Amino acid sequence: MQQVKIQFYSAEQVRQFVNMIDQFDADFDLDSGQRSVNAKAILGVMALDLSGPLHLRYHSADVEIEEKIAPFLCSRG
């Protein structure tokens, strides 16, 4: 399992992110406080508190994922 912190600054970034990760055959979860949602579900992601960093967990060893999500990264963690 991989964990990173990501942040969105606009609804357009959320849309781009969800469309991009939907291409991968992996599970992605986004956590904000006590809430956790499927990161491939745009309505779930939009329901989170997007004012700060979110914790992204995904279950894949595909290095292409890390390259694709790089524009959304805050820091490793």
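Basis for what follows: all heavy atoms, side chains included, without hydrogens, waters or symmetry-related copies. All of these numbers come straight from a predicted model, not from anything done at the bench.
For the pair Leu54/Asp31, no side-chain contact is recorded, criterion being any heavy-atom separation below 4.5 Å from C-beta on.
The minimum heavy-atom distance linking Met46 with Ala11 is given by the pair CE-CB, 3.8 Å. Looking at every heavy atom in both residues, Ala26 comes nearest to His59 through CB-O, 3.8 Å. Closest approach of Asp62 to Glu64, counting heavy atoms only: OD1-N, 2.8 Å. Nearest heavy atom pair, residue Leu48 against residue Ser32, reads CD2-CB, 3.9 Å. In plain terms, the two heavy atoms of Val4 and Ile69 that are nearest each other are CG2-CD1, 3.9 Å. Closest heavy-atom contact between Leu73 and Ile6: CD2-CG2, 3.9 Å.
Taken to the nearest 0.5 Å, the OH atom of Tyr9 stands 11.5 Å off from the CZ atom of Phe72. With values rounded to the nearest 0.5 angstrom, Ser51 atom OG is found 8.0 Å from Gln7 atom CD. Note: Phe8 CZ to Gln16 CD = 10.0 Å, rounded to the nearest 0.5 Å. Within the model, atoms CZ of Arg57 and CD of Gln2 stand 12.5 Å from one another, a figure rounded to the nearest 0.5 Å. Interatomic distance, Ile65 CD1 to Ser60 OG, rounded to the nearest 0.5 Å: 3.5 Å. The NZ atom of Lys40 sits 10.0 Å away from atom CD of Gln23, with the distance rounded to the nearest 0.5 Å.
Judged by distance alone, the side chain of Lys68 and the main-chain N or O of Val63 form no donor-acceptor pair under 3.5 Å. In this structure, the side chain of Arg35 does not engage the main chain of Leu30 through any donor-acceptor pair within 3.5 Å.
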Inset, instruction - Please test Leu56 against Phe28 for side chain to side chain contact (heavy atoms under 4.5 Å, CB included), starting from the C-alpha separation and ending with a verdict. - result: CA-CA 7 Å; Leu56 175 68; Phe28 292 85; 4.1 Å; yes
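In the model, Ser36 has no side-chain atom that pairs as donor or acceptor with a side-chain atom of Asp29 under 3.5 Å.
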